[in-house]
Amino acid sequence: MKQTFIVLLLLCCNFLSAQQNHVVGQVVDAVSLKGLPYVNVVLEEQHKGISTDAQGRFAFVLKGVDSSASLKFSYVGFETRKLKLSDLDSRVVKLQPGVDDLETVYLYNIIGENSKKINDFRGKESIGLGNFSGGQFPSMVARYYARPKKFTASCFLEEIEVRFFSTDIKMNRRSKFRLRILNVGEDGKPSGDLLTEDLIIEREDHRAKAKIPLLKYKISIPKEGFFVAVEHLFIEENKYIEKKDYRVYRETYTL
């Protein structure tokens, strides 16, 4: 006796029962009221999010999320803010500029007599900060670098080279990312920003690397070392479509 079993994959969507929240707004500087570009907007409970556009605007749809859920708005040089979906009626989110504790000020004459390359891209481990399994919200890849032992207190970061690797030639196109230089926290993980300015880098078409001069920012390297992080931006310029084949097989059994 021969029996044939056909496996069917069905996608069931119940649009009536799923709650939808249309989230639209703009993130601005609370002092100047100017739009803040590429602010990270993340729904932490569901690990989803987006980045604002060049004018600080954002728009997306959240399904099955209660209005009491919170969105986190984070931006380099500004205080992070959390707001419930129900509190976004004004459509405008104001972020306050960050105020760091004042520290002792040292004056250096950067003459550039000595320099040292501290990374040859070998033997370095990357740390993923965020979600990399589904790519549903802004994330970072960071690497730790120790401070050169022979350098004196006046040790500054001169230049960073970022290299890109891709298995799909279609992804080797122009895109943008945020470069961040981070402190080392007490737990040995990335902490606060050493580079307090929002530095957006644009990758050129089919370029395998990008060099970013940093001496003008006068980033003094701490004795604990530092992290270099590349932060993904969820913006229209970086959007691409990934296609996959899912096949349904028919299995035949003979009894």
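Positions are given from 1, in the same order as the sequence printed here. These figures come from a predicted structure and were not determined experimentally.
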query: Are any side-chain N or O atoms of N183 and backbone N or O atoms of G185, one a donor and one an acceptor, separated by less than 3.5 Å?
result: no
- prompt: Is there side-chain contact between V28 and V92, with heavy atoms separated by less than 4.5 Å?
  reply: yes
- request: Of all the heavy-atom pairs spanning K84 and S70, show the shortest one and how long it is.
  value: CG-OG, 3.9 Å
query: By side chain to side chain donor-acceptor pair (under 3.5 Å), which residues pair with E202, not counting sequence neighbours?
result: R174
- request: May I ask you to decide if V39's main-chain N or O and T52's side chain share a donor-acceptor pair within less than 3.5 Å?
  value: yes
- request: Assess whether side-chain contact (heavy atoms from CB on, under 4.5 Å) is satisfied between L157 and I181, documenting all intermediate values.
  value: CA-CA 10 Å; L157 194 55; I181 312 299; 4.0 Å; yes
query: Is the closest side-chain donor-acceptor distance between Y75 and D198 under 3.5 Å?
result: yes
- line: Distance col, row L85:CG vs D66:CG, nearest 0.5 angstrom, shows 8.5 Å
query: Can I160 and L214 be said to form a side-chain contact (heavy atoms from CB on, under 4.5 Å), step by step?
result: CA-CA 7 Å; I160 283 180; L214 294 173; 3.4 Å; yes
query: Can you find a heavy atom in the side chain of N40 that is under 4.5 Å from one in the side chain of F234?
result: no
query: Under a single-linkage definition using a 4.5 Å side-chain heavy-atom cutoff for Ile, Leu, Val, Met, Phe, Trp and Tyr, are M140 and V76 assigned to the same hydrophobic cluster?
result: no
message: If the condition is side chain to side chain contact (heavy atoms under 4.5 Å, CB included), which residues does V184 pass it with, not counting sequence neighbours?
response: Y144, E224, F227
field: Counterpart residues, side chain to side chain donor-acceptor pair (under 3.5 Å), relative to R81 (two or more places apart)
entry: none
- prompt: Can you check whether I212's main-chain N or O pairs, donor with acceptor, with E161's side chain at less than 3.5 Å?
  reply: no
query: Can you find a heavy atom in the side chain of Y38 that is under 4.5 Å from one in the side chain of K176?
result: yes
- prompt: Heavy atoms, side chains only, cut-off 4.5 Å: are V23 and L88 in contact?
  reply: yes
- request: Output every pair passing salt bridge (Lys or Arg N to Asp or Glu O under 4.0 Å) with a member in residues 51-60, not counting sequence neighbours, ordered by first then second residue.
  value: D53-R57
- request: For D29, enumerate each residue passing the salt bridge (Lys or Arg N to Asp or Glu O under 4.0 Å) test, keeping only those at least two apart in sequence or located in another chain.
  value: none
- prompt: Does the side chain of E159 reach to within under 4.5 Å of the side chain of K211, using non-hydrogen atoms?
  reply: yes
task: With sequence neighbours left out, write down each residue that passes ring pair (Phe, Tyr, Trp, His ring centres under 6.0 Å) with F177, or none if nothing qualifies.
output: F164
field: Minimum heavy-atom distance K94-A30, with the two atoms named
entry: CB-CB, 3.9 Å
task: First locate atom CD of Q55, then atom CD of Q26, and finally report the distance between them rounded to the nearest 0.5 Å.
output: 8.0 Å
message: Rounded to the nearest 0.5 Å, what separates atom OG in S175 from atom CD1 in I235?
response: 8.5 Å
field: side chain to side chain contact (heavy atoms under 4.5 Å, CB included) partners for K216, two or more places apart
entry: none
task: Determine, step by step, whether F73 and F58 satisfy the ring pair (Phe, Tyr, Trp, His ring centres under 6.0 Å) criterion, reporting the C-alpha distance in whole Å, the side-chain angles of both residues, the deciding distance to 0.1 Å, and the verdict.
output: CA-CA 11 Å; F73 299 83; F58 63 94; 5.8 Å; yes
- prompt: Considering residues at least two apart in sequence or located in another chain, which fulfil the side chain to side chain donor-acceptor pair (under 3.5 Å) criterion with K72?
  reply: E44
message: Please enumerate all residues that pass side chain to side chain contact (heavy atoms under 4.5 Å, CB included) together with P148, with sequence neighbours excluded.
response: K116, I118, F151, C155
field: Distance (rounded to the nearest 0.5 Å) between S220 OG and F156 CZ
entry: 5.0 Å
field: Donor-acceptor contact below 3.5 Å, side chain S191 vs main chain E186
entry: no
message: Among L199, I200, V230, which residue satisfies the side chain to side chain contact (heavy atoms under 4.5 Å, CB included) criterion with R178?
response: I200
task: Verify side-chain contact (heavy atoms from CB on, under 4.5 Å) between D193 and R180, making sure each step is shown before the conclusion.
output: CA-CA 7 Å; D193 288 281; R180 297 180 67 175; 2.9 Å; yes
query: Rounded to the nearest 0.5 Å, what separation is found between the CD atom of E231 and the CG atom of L182?
result: 9.0 Å
task: Identify, with sequence neighbours excluded, every residue that meets side chain to side chain contact (heavy atoms under 4.5 Å, CB included) alongside A59.
output: V24
